[in-house]
Each structure stands twice: as C-alpha cells, then as structure tokens.
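Read through the structure below, which is laid out as structure tokens, and then see the notes.
We name chains A, B, ... by the order of the sequence lines, and we start the count at 1 in each one. Treat the numbers as computed from the prediction; the structure is a model and nothing was measured.
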Amino acid sequence: MKTQRFEPSLFEKHIQELWEKENVYQTTPKVDQNSKAYVLVMFPYPSGYGLHTGHARIYTGTDVLARFYRMQGKAVLHPMGWDAFGLPAENAAIKAHKNPQDIVPGNITNFKNQFRLLGMSYDWSKEINTTDPKYYAVTQYLFLQFYKHGLLYKKDTPVFYCPFCKTGLAQEEVMGDGTHERCGNVVEKRNLPQWMFRITEYADSLLEGLKGLDWPTGILEMQKNWIGRKEGIDITYNIEGMSETVTCFTTRPDTNFGATFVVIAPEHPLVSTLDKPDVKEYVETVLAKTERERLSDGKKKTGVFTGLYAINKLNGRRMPIWISDFVLMNVGTGAVVGVPGNDKRDFEFAQAMGMPVVRVVVGSNGDTSDITRLQQVQEETGTMINSEFLDGKDIHEATNVMMDHLEAKGWGKRTVSYHVRDWIFSRQRYWGEPIPMVYCKACAGQKISYWDCDIAKDDDLRLDKGLKNKTFNAMVKEIKDTMYGWFPVLAAELPLELPYLESYEPTETGESPLVQANEWVDTTCPVCKGPARRETDTMPNWAGSCWYFLAFSIAEELGKQAPEELLAKACQQSWMPVDWYIGGAEHAVLHLLYARFWMHILNDLGSVTFREPFTRLRNVGMVLAADGRKMSKSWGNVINPDDIIHEYGTDALRVYEMFMAPFSQEIAWSTQTLQGAYRFIRRIWHIYHDSAKITKDPSQEAKKLISELQRTIKKISTDTPDVKFNTSIASAMEFLNLWEEPGAALSQAHAKDFLKLLAPYAPFITDYLWREVLGEGNSIHLASWPNVDQSALIKTDSELPVQVNGKVRDRIMIFPEALQEEALAKALDSAKIQAWIAGKNYTTVYVKGKILNFVIEEVK
RNA sequence: GCCCGGGUGGCGAAAUGGUAGACGCGCAACACUUAAAAUGUUGUGACCGUAAGGUCAUGUCGGUUCGAGUCCGACCCUGGGCACCA
C-alpha cells in the first residue's frame with residue numbers, strides 16, 4: 001500500500017493489520033528489575049456505552065509511556081483487562097432485562113475493538129477478566145486466606161445502605177454529600193449482618209508504606225487523612241455513686257483543668273443502665289433519625305442529662321454526664337470530655353445547655369477575660385493558665401506533661417485513634433464473586449469454629465507470622481467466638497461459580513438475590529457433613545481489582561494451576577511492582593487503598609515479595625464536553641472517538657489529547673484545537689513525502705537544524721517520562737516549523753530520528769512513513785529511541801538580554817560562553833544601553849548565557 | 001472549620017530566580033481560487049506613538065533580590081478531599 005494522498009483511515013487500518021500480523025506488541029521476557037517497565041492503566045469496567053473521547057485520554061497517555069519505554073529497550077508489560085463485576089454492569093443489565101453474564105462478553109468485544117482503533121499497544125495474550133471463574137477462583141482463594149488468618153469476620157453492624165442499589169456499602173463508597181459513589185442516590189443507615197475486613201489492623205502499615213511512594217501529593221494526603229491517625233489518651237473518670245466508669249478519648253488532655261462536663265453517644269453502653277424517661281425518649285428519637293435527617297438538622301446541639309456525675313480527679317470537679325448525638329459511638333470511645341473554652345463544638349453545647357466555661361489557655365492575642373463568645377475559643381495555640389502544674393507552659397508541651405501525669409497516676413492511657421473503619425466487604429447483590437463460605441447451624445450450636453477442625457490442618461496457615469505487634473494467631477483469637485459454624489469452601493471446590501439466575505434483581509429484605517437459588521445455597525457442611533447453607537452475599541466490586549496487577553503475567557496459566565502456585569509464579573516472574581500506574585484521582589481512598597491493603601497482607605503472609613504494588617502513580621484529568629459539563633448520555637454532549645477517528649484519524653486524536661494541557665489537568669473538548677493536531681499530522685505526512693526535504697546528500701543539512709534536532713531529542717526524551725506530553729509535542733511542532741523553512745533539509749538518518757520521537761504519540765503515521773517512505777522493514781515501534789548526538793549540538797552566537805536595573809533595554813549577539821569583559825564591551829557599544837547609563841555610576845551582574853544587568857547606583 | 005491543588009493574552013497553555021506569553025486555537029490582512037472551503041505567508045497582550053521607542057502587565061497587598069509568574073508573609077477567588085473525628 002503506497003499513496004501520496006493523506007487519508008488516515010486507509011493507512012491506519014493497513015498499519016493495524018500489520019501490527020497484528022507481526023505480533024508487534026507481544027511482551028518480551030523480562031531480564032532484570034532495572035530493565036523492565038510495567039506500565040499499567042486502571043482497567044475499565046466494560047460498560048454498554050463504550051468509550052468516549054474522555055476515556056481515550058488516559059489510555060493514550062499510558063500507551064505513550066509504554067511505547068516510549070519499549071523503544072528505549074526496556075522489557076515492557078502493558079496489558080489490558082476487564083473489571084466486569086459490580087453495580088454498574090448489573091444495573092445496566094437489569095435495565096436491559098438481561099443477565100449480566102450474557103451482556104458482558106459483547107461489551108468486552110466492543111471495548112476491544114475501540115482499543116484497537118485507538119492504536120493501543122496492549123499484549124492481548126495477557127488479557128484478563130475478573131468475572132471469569134478461572135480468575136475469581138484466585139480472588140476467592142485470597143478471601144479464604146484472609147479469613148483463615150483472622151482478617152475477616154461477620155457481624156451485625158450499622159452500615160451505609162443504598163436504597164436504590166439495595167445493598168450495604170463501605171464507608172469509602174459514600175461521598176461527602178451522603179450519596180452513593182456509583183449511583184448518586186442518598187444512602188441510609190441500616191443494621192445488617194456484614195462481612196468486615198480488618199483494614200484497621202493495617203492502618204499503621206498503610207500509613208508507613210506511603211512514605212516511599214512516588215505519587216501525587218494530593219493522593220498521598222488523601223490516604224493519610226483517610227487513615228487519620230491521631231495520638232491521644234483515654235482518660236477514665238469515676239462516676240459518683242456508681243461502680244461504673246466512663247472513658248473519654250482526647251487529643252488535648254492539656255485542657256483537662258477546663259473540663260466542665262462529659263458527653264456520651266446515644267449508643268454508649270452506659271445508656272442502657274439508665275432508667276430515666278427523658279433519657280429513653282431522647283435516645284429513641286435520635287436513633288430513629290436517618291443519616292439524612294441528622295445531616296439536615298445541621299449542627300444544632302441537642303442532648304439530655306443522665307443525672308450522673310463524673311469526677312475529674314485533677315481538681316475534684318463534678319462533671320455532669322450528658323447524652324448527645326454529636327458524639328459518635330464509632331469515634332474514639334464514644335464519650336468525650338467537654339472543654340468548652342477550647343473546643344468550638346463543646347462551647348456550643350455548653351451554651352445550649354447552660355454549662356460553665358473555664359478559661360485554661362491564653363492565646364496569642366493575650367485575652368484573659370471570661371469566654372463568652374465563640375470567637376474567643378482557642379484551639380490551636382496558646383499558653384496554659386488556671387491549670388496548676390501546667391501554668392505558663394505552651395499547650396503542646398502541656399499536652400505531653402499531662403499525658404505523663406495521667407499515666408503515672410493510672411488515670412489514663414495513651415492510645416491511637418484512626419479515622420479509617422473496618423471495610424464492609426459484603427454486598428447483597430448478584431453480580432459479584434460469591435463469598436466462598438458455608439454456614440452450619442449445627443456446628444455453630446456446638447461452638448465449633450474452622451480453626452478447631454481437621455479441615456484447617458490441611459491448610460497452609462501461617463498463624464505464627466503477623467503484622468508488627470500481633471500474630472495472626474492473636475487476630476484469630478479476637479474473632480473466633482463470633483465465627484462458630486462458618487467454614488471455608490474446600491480448596492478443591494474453587495472456583496465456587498456464580499449460578500446463572502433468571503431473576504437476580506436485588507431484594508427489599510437486605511438479603512442477596514442468591515438466597516432464592518435453593519439448589520446452590522443448600523450444601524453440605526465440610527465438617528459434620530450435615531446440611532449447611534452457603535453465604536449468599538457477594539464480594540464488592542473492588543475485590544477483583546485488588547490483585548489484578550499480579551494476574552497479567554500469569555494470564556495464560558489461570559485455571560491451569562492452583563491459586564497458590566499461580567501467585568508464586570507471578571512473583572517469580574516478578575514484573576511487580578507496577579512501575580507506572582495511571583488512573584483517575586477518584587480512586588484515592590477506594591481501589592488504591594484496598595489494593596495496597598491486600599498486598600500488605602500477602603506480603604506479611606509471605607505470598608508476595610513486595611509490599612507496595614504501585615511505585616509510581618500519575619493522575620489523568622477528565623475530559624469535559626465542549627460545554628464544560630461532564631460528558632454524559634443524558635446531557636447529549638458525548639463525543640464518540642469512532643466518529644473523530646473516522647474524520648481526523650487516530651493519530652490526530654491522540655496528539656490532540658496529549659497536547660492540549662498537562663496530562664493531570666482537566667480539559668474541555670475542543671474540535672477546533674483537534675483540527676490543529678490534525679494539521680500537524682498532515683504536515684508530517686507532506687514533509688516526509690517531499691523529496692526536497694529529505695536529502696541524500698548530508699552536506700546539504702544545515703548544522704543549525706541538526707543541532708535543533710538534538711535539542712528536540714533531548715526535550716522529548718526527558719519530557720515524555722516526566723508525563724509532560726504537551727510540551728513534548730510542542731517541541732516537535734517547533735522543530736517541524738524549522739524544518740519546513742525554505743531550503744532546510746534533513747538526511748534520511750535524521751529524518752528517521754525525528755519520526756521516532758513522534759512514534760509514541762502518533763503510532764500509525766510514523767509506522768507508515770517508516771515503512772513505506774523510508775523503506776524500513778520492521779515496525780518503527782520496535783526501533784531504538786534516538787540518542788542525543790552531543791557533537792552535533794553547536795553553540796553559536798545567540799541573543800543575550802542586556803538589562804538596566806533589571807529591565808531589558810537591548811539584546812546583543814554573543815557566544816554563550818563569553819567572558820564578562822567581552823559581554824560588557826559589546827553591551828557598551830549599544831547606543832540604547834549608552835542612553836540609559838550615560839553619566840551614571842553602575843555595577844554589573846553577568847550570568848553566562850543568561851543575562852547582563854547594569855545596576856545604576858542611587859544618586860543621593 | 002481542616003487538608004491538598006489552581007488563579008498568566010480573546011481561548012488551551014509555556015517558562016532550572018534571568019528576554020513573560022514557547023506551542024496550538026481563534027482573529028485580521030494577503031496569496032492561490034470565478035468564488036468559497038482547504039492550504040500557504042505575515043501580523044496578533046494592553047495602552048501611547050507615523051515610527052524609533054516608551055509605559056503597564058502573570059488574582060490583591062507587602063517583603064527578599066541586581067533581577068520574582070517562580071521564593072517569603074498576609075489576603076481574595078476558585079476546583080477537589082475530609083468533617084459535630086473528640
């Protein structure tokens with residue numbers, strides 16, 4: 001195929017066929033850790049709508065990196081797979097009145113075709129699909145490993161519940177405005193039995209691991225804040241006339257001389273010991289409120305007095321104990337000590353209930369008057385007063401002194417509190433991995449747990465190992481008595497396949513639709529061989545993506561070997577960790593936290609050799625529609641990549657999306673700017689077809705142009721791995737502008753170098769010109785990246801700005817390495833400069849190749 | 001309220017403390033064309049000036065520096081995250 005006419009649709013199709021025929025993008029074997037590049041984009045769930053041009057941006061950027069490293073001679077793993085379980089797929093299937101099992105394969109085919117059109121250099125022999133039983137056999141195996149090591153337990157618990165999706169949710173899946181992350185509906189709270197994943201045990205580990213990661217600071221901060229580690233102290237107060245005590249967590253014990261009351265959560269255990277009608281009424285009202293109602297009540301303080309008093313041993317003060325819904329049972333100890341002078345929320349409560357305020361801190365403004373206004377409440381800085389042995393100390397020093405004091409007296413104990421909660425790991429939905437657990441009522445009645453049975457003996461348990469301060473044995477002990485009768489499915493029975501159901505819609509009862517599949521649910525207890533029931537909840541859509549990055553290198557082995565052998569093999573091949581992980585920032589505390597958590601556990605269990613799966617993370621900015629809104633079917637503003645490719649070609653689309661703005665930044669679609677990229681691609685086409693521009697006679701090459709080419713090679717070689725795709729392309733455009741100047745010509749070798757620089761960005765046209773015009777036999781994408789030819793970098797006289805008092809007044813042509821005297825002499829020749837400095841005293845500042853500045857001395 | 005980003009021409013944006021606005025879009029004039037589109041050439045921050053040139057200009061106000069979009073301090077606006085978190 002050879003043509004002079006510029007028709008991207010023709011040559012792109014031709015080149016795509018060659019790539020497939022020649023198997024250009026097959027993964028080459030990894031040699032060692034230094035010469036591999038694992039370039040991974042967060043894999044998509046294949047929706048029925050296909051990809052829009054916004055999605056194209058992230059895949060293109062990742063593909064540019066993969067192509068760049070491939071040409072740099074690295075062994076590159078650049079795979080693609082399908083995260084096909086989960087709510088979006090299921091909700092779409094319900095709408096279409098079909099079973100997701102029947103819909104997903106067609107969607108995958110569509111996605112694959114679109115990825116081909118977009119010129120992605122995936123090695124399709126590594127394709128994986130989380131809904132493939134061969135794949136989820138491993139997901140289930142991992143679940144069981146975690147269960148067996150005491151990391152999962154089932155418990156009746158208040159959970160966020162999406163009434164639209166009819167399922168419980170993890171804390172991370174609820175957005176700041178109280179809506180479900182997937183469907184946007186407002187969530188409720190319900191009490192449901194849920195599988196809980198003990199991520200809190202890994203809070204410190206996950207925090208620690210962040211330190212070595214090359215991730216955007218924003219994402220690191222979000223994870224850090226989400227984990228929310230806070231050091232404080234649990235102070236235990238005696239209650240007047242009772243044997244019970246109340247323990248309050250605080251990070252600010254320094255202010256404890258100013259404590260005037262105690263508030264406990266409505267769910268606090270102490271509440272059940274009370275028999276006051278007003279208390280009962282208050283607690284009932286509060287507990288009846290939905291999450292939404294509590295939010296809409298704003299921050300108005302309500303509460304009820306218990307009639308009890310806690311005694312502050314520091315000063316003997318009787319502190320009334322109140323109940324209020326602003327104290328949350330799942331934060332700290334579910335009880336707080338009220339210090340209205342130093343906490344705005346406590347101040348508001350004290351005002352509402354008419355309780356006294358004591359000043360114990362003087363802030364930077366020196367105000368020592370009584371605290372009567374919210375503005376006087378000091379939280380951040382200050383010096384202690386009215387606090388006996390703390391008086392005069394800075395609050396931070398006082399905090400430590402007080403903690404020592406309380407611990408020495410035995411009144412308190414230092415402790416650490418976290419924001420992160422245990423991960424709700426079950427969903428009452430059909431389209432997910434079945435949780436491979438069996439419940440036997442008879443065994444539960446006899447208090448038999450998995451760890452007591454023979455089935456555990458055959459399992460590879462590493463209970464003596466563990467995380468920093470705890471063995472898995474200790475973990476198991478903590479949950480064992482809640483897990484009587486719950487047994488793992490035997491390894492030989494994996495995968496436990498999801499049954500095909502005619503009717504799989506979510507139910508109103510808080511139970512999974514799998515409950516109806518009697519044949520599937522009824523099973524035999526692996527321990528007593530009596531009748532037992534399978535767990536009917538499924539795993540959340542995050543499960544499959546918690547280990548998928550391990551799966552690509554063993555994709556062809558899935559189903560052929562046992563899960564533990566597969567994992568071992570994946571580790572031996574050791575493409576891990578992922579060198580480049582590209583994805584949207586919306587996964588900051590979801591997938592990116594969960595996947596890290598799983599790997600930390602597997603590392604502790606000795607199953608994987610690394611702890612952090614993603615060495616380097618880069619975010620991509622969203623592509624909005626031209627109207628500045630999100631691309632969405634309902635707005636009717638979606639740009640379909642197929643249409644764009646048909647009209648302008650893939651290369652133009654890719655170059656446009658990489659060029660328009662920094663990769664991590666949000667952009668709005670602009671067909672006009674796309675046309676600029678299209679023109680650039682067409683100019684490339686024409687210049688490589690112009691015999692006057694590519695000369696056989698090297699003497700016709702201008703040294704200046706060759707030197708500029710070297711600068712371009714340098715720029716693109718450093719900007720590309722820096723994810724500065726926009727400036728890479730800009731510098732290529734600059735060079736093309738120079739090359740297009742009349743009389744400028746390149747040798748074939750240099751023309752090839754320039755083409756290679758464009759190859760990662762515009763893979764089709766470059767490979768076409770490489771083969772058809774420059775006569776190369778193998779794909780440009782397997783060619784080696786050009787090196788900067790230092791000898792061709794020439795330094796000629798160039799412009800040096802000359803300033804007077806920091807303002808540019810003239811420019812002189814001078815050799816960049818010139819000495820100060822030469823530069824000065826030349827600058828003094830300038831009439832313009834003379835006009836500015838004539839008759840004045842001056843000193844000069846000279847920076848080679850940068851600036852010459854005359855500094856006029858002030859005349860007094 | 002707390003924690004991160006970000007404010008630069010008509011627009012998307014460049015700029016290791018050293019010529020602010022590279023590159024692209026748009027716009028204008030010209031060339032080609034019967035004409036239009038496409039393509040090419042030239043110009044294009046604002047203001048004053050025929051010009052040479054000058055003044056102003058990177059959210060605001062200060063500071064450091066020979067020199068600040070870049071560093072420091074305070075503030076304003078804006079995007080995102082968290083939040084009755086003790």
Parallel, tilted or perpendicular for [X] and [Y], by the 30°/60° rule?
X	Y	value
A:Tyr648	A:Tyr678	perpendicular
A:His591	A:His587	perpendicular
A:Trp226	A:His419	perpendicular

Can you check the distance between [N] and [M], where both ends of the measurement are the [atom1] atom (answer in whole Å)?
N	M	atom1	answer
B:G21	B:G54	P	16 Å
B:U41	B:U50	P	32 Å
B:G6	B:C71	P	10 Å
B:C47	B:A57	C1'	11 Å
B:G45	B:A31	P	24 Å
B:C2	B:C11	P	33 Å

query = Per the side-chain contact (heavy atoms from CB on, under 4.5 Å) rule, which among A:Phe725, A:Phe663, A:Trp669 passes with A:Glu657?
reply = A:Trp669
How is [X] classified with respect to the nucleic acid when contacts are heavy atoms under 4.0 Å: base, sugar-phosphate, or nothing?
X	value
A:Gln672	sugar-phosphate
A:Val808	sugar-phosphate
A:Arg229	nothing

key: Stems involving RNA chain B, each a run of at least 3 consecutive Watson-Crick or G-U pairs under 3.5 Å   = B:1-7 with B:76-82, B:10-12 with B:23-25, B:26-31 with B:39-44, B:45-48 with B:53-56, B:59-63 with B:71-75
Just how far, in rounded Å, is [atom2] of [N] from [atom1] of [X]?
X	N	atom1	atom2	answer
A:His419	B:C3	NE2	P	16 Å
A:Glu221	B:G79	CD	P	21 Å
A:Ile833	B:G54	CD1	P	10 Å
A:Glu741	B:G40	CD	P	15 Å
A:Ile323	B:C84	CD1	P	20 Å
A:Asp343	B:C85	CG	P	8 Å
A:Glu740	B:U39	CD	P	13 Å

ask   = Considering only heavy atoms and no angle criterion, is a donor-acceptor pair shorter than 3.5 Å present between the side chain of A:Lys344 and the base of B:C84?
value = no
task = Answer with yes or no whether A:Lys850 presents, from its side chain, a donor or acceptor under 3.5 Å of a partner atom in the base of B:U16.
result = yes
Contact under 4.0 Å: A:Trp836 side-chain N or O vs B:G54 OP1/OP2 = yes
request  = May I ask you to say whether A:Arg618 pairs ionically with A:Asp214, meaning some side-chain N is under 4.0 Å from a carboxylate O?
outcome  = yes
remark   = Judged by whether its glycosidic angle lies within 90° of 0, B:G43 is anti
message = Would you say the rings of A:Tyr842 and A:Trp836 are close, in the sense that their centroids are separated by under 6.0 Å?
response = no
